[in-house]
Engineer: 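Quick one: structure below, then a few questions.
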Amino acid sequence: MSSLNLDDFTDLIERPDGGVRRDAEARRERQIVPPGALGRLDELGEWLAAARGTVPVRPVERPRVVLFAGDHGVAQLGVSARPAGGAERLVRAVLEGASPVAVLARRLEVPVRVVDMALDCDPDALPKDVVRHRVRRGSGRIDVEDALTLEEAEAALRAGVAVADEEADSGTDLVVLGDVSVGGTTAAAVLVAALCGTDASVVTGRGGEAIDDLAWMRKCAAVRDALRRARPVLGDQVQLLAAVGGADLAAMTGFLLQCAVRKLPVILDGVVAAACALVAQRVAFRAPDWWLAGHDSGEPGQAKALDRMALEPLLEQGVRVGEGVGALLALPLVRSAAALAAELPERPEAETGPDTETGPDTETGSGTESER
């Protein structure tokens, strides 16, 4: 067993305030737009009110994109369309404002933070604030060796906890969580398959740049071989992350757990974030109550993990690029839900009786939908 006691998170993590959520639901029933007319935005507004502990819900004013970065040794097998050790180039594009997530974040006025956990490059090649949490250079080839030593896995988990504390202490009120990696979706598939008890082919997707059939077969074989190494350590999440995860995945797991402790809502991006969330759920069953699934990336491993956690994606746009892009696209939806929940006026008291009809199709409304 590892020396890091993850059981503490079970006691530290509470559910979002149920009383506040009931108050938010009651307020929604009194607003001028009939309940249900805004679809899932109603549910989002109520969830956010409970997570933030206030009715009316406070607006999301200080969101941040947090990306954990790393290279995975399994990429040497040709399981990715990107070259092994190529995550540094992706990180540079983010830092220089030339990546999809950087473009969207600039447009949405959301800061982006990159945390290097295991890039396969000289740490002096990147800014100090990016590399200061790094655990090692690259992660091991999980089909034949451990991704990390047990000590490195613990250090990565603690780094994720520290980053969550830094964000909460700085005033961040919602996190968009993603990864910048090469080979990360392979490690994620192993974690999902191990935790869900499924075969490699069920959870193995084609990654961000849609690998061909031969590469997919190599990826399935790598996931299958890594699964053999994962199953004996399923009872210890630190050992599991050390065996078949990676420093970036371990850090994301610690980050998710500590965000739940700090009551900091998180929007999950793709399969890597979903796999880490699944590990974190094994640690603390209440933790998923603090997370939203930003989008459906089309990766079967993500779908399997989200189904296990009962999280339904907010968007389905087929975004496979990773880097938090799909989750960031969901941020305006969450902000809109908060604004509607907080700013829609309530009906006058005389109109709130059980026999009062306030929908747009009543005689006092503005006509039927076909007439408008």
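Note that these values count all heavy atoms, side chains included, but never hydrogens, waters or copies made by symmetry. On a predicted model such as this, the values are computed, not experimentally measured, just so you know.
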Engineer: What verdict does the side-chain contact (heavy atoms from CB on, under 4.5 Å) test give for Leu95 and Arg92, after you've listed the backbone C-alpha separation in whole Å, the side-chain angles of each residue and the deciding distance to 0.1 Å?
Structural biologist: CA-CA 5 Å; Leu95 297 177; Arg92 287 191 177 279; 5.6 Å; no
Engineer: Taking 4.0 angstrom as the limit, do Arg28 and Glu346 come out as a salt bridge?
Structural biologist: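 Looking at Glu346 together with Arg28, the answer is no, because their closest N to O distance does not fall below 4.0 Å.
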Engineer: Just so I know, are the side chains of Val60 and Leu48 near enough to count as touching, which here means a heavy-atom distance under 4.5 Å?
Structural biologist: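 Of all side-chain heavy-atom pairs linking Leu48 with Val60, at least one is under 4.5 Å.
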Engineer: Between Arg15 and Asp289, is there a side-chain N and carboxylate O pair less than 4.0 Å apart?
Structural biologist: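 A salt bridge is present here (some side-chain N lies under 4.0 Å from a carboxylate O).
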Engineer: Are Leu333 and Val319 in one and the same hydrophobic cluster, where Ile, Leu, Val, Met, Phe, Trp and Tyr link if side-chain heavy atoms are under 4.5 Å apart?
Structural biologist: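 Both belong to a single hydrophobic cluster.
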Engineer: Would you find a donor on one side and an acceptor on the other, under 3.5 Å apart, between the side chain of Glu167 and the backbone of Val163?
Structural biologist: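 Flag not set: sc Glu167 to bb Val163 has no pair under 3.5 Å.
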Engineer: Has Asp269 got a side-chain atom pairing as donor or acceptor with Gly324's backbone, closer than 3.5 angstrom?
Structural biologist: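 Yes; at least one donor-acceptor contact below 3.5 Å.
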Engineer: Indicate yes or no: does Asp307 engage Lys304 in a salt bridge with an N to O separation below 4.0 Å.
Structural biologist: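 Lys304 and Asp307: not salt-bridged.
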Engineer: Using the side-chain contact (heavy atoms from CB on, under 4.5 Å) rule, take Val325 and Leu328 through it: C-alpha gap first, then chi angles, then the decisive distance, then the call.
Structural biologist: CA-CA 5 Å; Val325 172; Leu328 186 54; 5.8 Å; no
Engineer: What's the spacing between Leu77 CG and Lys219 NZ if we round to 0.5 Å?
Structural biologist: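 Separation between the atoms: 12.0 Å.
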Engineer: Looking at CZ of Arg218 and CG of Asp212, how far apart are the two atoms once the value is rounded to the nearest 0.5 Å?
Structural biologist: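 With rounding to 0.5 Å, CZ (Arg218) is 6.5 Å from CG (Asp212).
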Engineer: Is the shortest heavy-atom distance from the side chain of Leu241 to the side chain of Leu157 under 4.5 Å?
Structural biologist: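 Heavy-atom side-chain distance check passes, below 4.5 Å.
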Engineer: Mark yes when over 12 heavy atoms from residues, nucleotides or ligands other than Glu316 sit less than 6.0 Å from its CD; otherwise mark no.
Structural biologist: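 Not more than 12 within 6.0 Å, no.
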Engineer: For residues Asp23 and Arg27, determine if any side-chain heavy atom of one lies less than 4.5 Å from a side-chain heavy atom of the other.
Structural biologist: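 Not touching, per the 4.5 Å side-chain cut-off.
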Engineer: So, the side chain of Glu152 versus the backbone of Thr149: is there a donor-acceptor pair under 3.5 Å, distance only?
Structural biologist: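 Side chain of Glu152 to backbone of Thr149, a donor-acceptor pair under 3.5 Å: yes, one is there.
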Engineer: Do the side chains of Glu61 and Asp173 get nearer than 4.5 Å, heavy atoms only?
Structural biologist: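 Heavy-atom side-chain distance check passes, below 4.5 Å.
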Engineer: Hey, any chance Val223 and Ile211 share a hydrophobic cluster, counting ILVMFWY side chains that come within less than 4.5 Å of each other, even indirectly?
Structural biologist: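 The answer is no; the residues belong to distinct hydrophobic clusters.
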Engineer: Using atom types as modelled and distance alone, determine if a side-chain donor or acceptor of Asp71 lies under 3.5 Å from a backbone N or O of Leu119.
Structural biologist: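 Absent.
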Engineer: Work out which heavy atom in Ala293 is nearest to a heavy atom in Leu311; give both atom names and the distance.
Structural biologist: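 Residues Ala293 and Leu311, closest heavy atoms: CB-CB, 4.2 Å.
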Engineer: Quick one: list whatever passes salt bridge (charged side-chain N to carboxylate O under 4.0 Å, His left out) with Arg107, sequence neighbours left out.
Structural biologist: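 Partners of Arg107 by the salt bridge (charged side-chain N to carboxylate O under 4.0 Å, His left out) criterion come out as none, since no residue qualifies.
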Engineer: With a 4.5 Å cut-off on side-chain heavy atoms, are Phe68 and His133 touching?
Structural biologist: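 No, every pair of side-chain atoms sits at 4.5 Å or beyond.
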Engineer: Ion pair present between Arg229 and Asp146, side-chain N to carboxylate O less than 4.0 angstrom?
Structural biologist: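 Answer for the salt bridge query: yes.
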Engineer: Test your reading of the model: is there a side-chain donor-acceptor pair from Asp17 to the backbone of Gly53, 3.5 Å cut-off?
Structural biologist: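 Side chain of Asp17 to backbone of Gly53, a donor-acceptor pair under 3.5 Å: no, none is there.
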Engineer: Using a 3.5 Å distance criterion without hydrogens, assess whether the side chain of Glu323 forms a donor-acceptor pair with backbone atoms of Val101.
Structural biologist: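 Side chain of Glu323 to backbone of Val101, a donor-acceptor pair under 3.5 Å: no, none is there.
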Engineer: For Arg132, does the CZ atom have more than 12 heavy-atom neighbours from other residues, nucleotides or ligands under 6.0 Å away?
Structural biologist: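 Yes, CZ of Arg132 has more than 12 neighbouring heavy atoms, counting only those of other groups under 6.0 Å.
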Engineer: Start with the C-alpha gap between Val20 and Val57, add the side-chain angles, then the distance that decides, and say whether side-chain contact (heavy atoms from CB on, under 4.5 Å) holds.
Structural biologist: CA-CA 10 Å; Val20 171; Val57 60; over 6 Å; no
Engineer: Salt bridge between Arg262 and Asp169, side-chain N to carboxylate O under 4.0 Å?
Structural biologist: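 Answer for the salt bridge query: yes.
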Engineer: Between Asp116 and Val91, is there a side-chain heavy-atom distance shorter than 4.5 Å?
Structural biologist: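 No, side chains not in contact.
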Engineer: Atom CD in Gln239, atom CG in Leu150: separation rounded to 0.5 Å?
Structural biologist: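 Between atom CD of Gln239 and atom CG of Leu150 there are 6.0 Å.
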Engineer: Main chain of Thr204, side chain of Trp216: is a donor-acceptor contact present, judged purely on distance under 3.5 Å?
Structural biologist: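 Judged by distance alone, yes, a pair lies under 3.5 Å.
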Engineer: State, to 0.1 Å, how close Leu257 and Ala287 come at their nearest heavy-atom pair, and which atoms those are.
Structural biologist: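 In this case the closest contact between Leu257 and Ala287 is CD2-CB, 4.4 Å.
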Engineer: Testing Ile267, Leu264, Val266 for side-chain contact (heavy atoms from CB on, under 4.5 Å) with Leu174, which one passes?
Structural biologist: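 Answer after filtering Ile267, Leu264, Val266: Ile267.
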Engineer: Before accepting this row, confirm whether a basic side-chain N of the pair Arg206/Asp213 lies closer than 4.0 Å to the acidic partner's carboxylate O.
Structural biologist: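 Between Asp213 and Arg206 there is a salt bridge, with a charged N closer than 4.0 Å to a carboxylate O.
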Engineer: When you look at Arg40 and Leu314, which way does the side-chain contact (heavy atoms from CB on, under 4.5 Å) test go after all the steps?
Structural biologist: CA-CA 9 Å; Arg40 198 169 173 193; Leu314 296 177; 3.4 Å; yes
Engineer: Can any side-chain N or O of Arg52 pair as donor or acceptor with the backbone N or O of Pro59 at less than 3.5 Å?
Structural biologist: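 Checked: pair present.
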Engineer: Side chains of Leu177 and Phe255, heavy atoms from C-beta outward: is any pair under 4.5 Å?
Structural biologist: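 In contact.
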Engineer: Using a strict 4.0 Å threshold on nitrogen-to-oxygen distance, state whether Glu299 and Arg320 make a salt bridge.
Structural biologist: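 Looking at Arg320 together with Glu299, the answer is no, because their closest N to O distance does not fall below 4.0 Å.
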Engineer: Which heavy atom in Asp122 sits nearest to a heavy atom in Asp124, and how many Å separate them?
Structural biologist: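 Scanning both residues completely, I find the closest heavy atoms to be OD1-N, 2.8 Å.
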Engineer: If you compare all heavy atoms of Arg308 against all heavy atoms of Cys196, which two are closest, and at what distance to 0.1 Å?
Structural biologist: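 Nearest pair, atom of Arg308 first, then Cys196: NH2-O, 3.5 Å.
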Engineer: Report the C-alpha separation of Ser181 and Asp179 in whole Å, then their side-chain angles, then the decisive distance to 0.1 Å, and conclude whether the side-chain hydrogen bond (donor to acceptor under 3.5 Å, both in side chains) test is met.
Structural biologist: CA-CA 6 Å; Ser181 64; Asp179 71 290; 2.7 Å; yes
Engineer: If you group Ile, Leu, Val, Met, Phe, Trp and Tyr by side-chain heavy-atom gaps below 4.5 Å, do Val144 and Leu191 land in one group?
Structural biologist: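 In one cluster with Val144: Leu191, no.
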Engineer: To the nearest 0.5 Å, how far apart are CG in Leu292 and CD in Glu312?
Structural biologist: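 Between atom CG of Leu292 and atom CD of Glu312 there are 11.0 Å.
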Engineer: Looking only at atom types and distance, does a side-chain atom of Arg62 sit under 3.5 Å from a main-chain N or O of Ser170, one as donor and one as acceptor?
Structural biologist: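 Checked: pair present.
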Engineer: Which pair of non-hydrogen atoms, one from Pro100 and one from Val321, has the smallest distance, and what is that distance?
Structural biologist: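 Between these two residues, the closest heavy atoms are CG-CG2, 4.2 Å.
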Engineer: Are Trp291 and Val175 connected into the same hydrophobic cluster when the rule is that any two of I, L, V, M, F, W, Y join if their side-chain heavy atoms are below 4.5 Å apart?
Structural biologist: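 In one cluster: yes.
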Engineer: For the CZ atom on Arg89, are there more than 12 heavy atoms of other groups (residues, nucleotides or ligands in this structure) within a distance under 6.0 Å?
Structural biologist: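 12 or below, so no.
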Engineer: Minimum heavy-atom separation for Gly78 and Ala215, please, with both atom names.
Structural biologist: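 Distance-wise, the nearest heavy atoms are O-CB, 3.6 Å.
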Engineer: If you round to the nearest 0.5 Å, how far is CE of Met309 from CD of Gln281?
Structural biologist: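 Between atom CD of Gln281 and atom CE of Met309 there are 6.5 Å.
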Engineer: Rounded to the nearest 0.5 Å, what separation is found between the CZ atom of Arg21 and the CH2 atom of Trp47?
Structural biologist: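 Between atom CZ of Arg21 and atom CH2 of Trp47 there are 9.5 Å.
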Engineer: Do the side chains of Leu268 and Val176 get nearer than 4.5 Å, heavy atoms only?
Structural biologist: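 A side-chain contact under 4.5 Å is absent here.
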Engineer: So, Glu166 side chain and Val161 main chain: donor-acceptor pair closer than 3.5 Å or not?
Structural biologist: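 Side chain of Glu166 to backbone of Val161: no pair is present.
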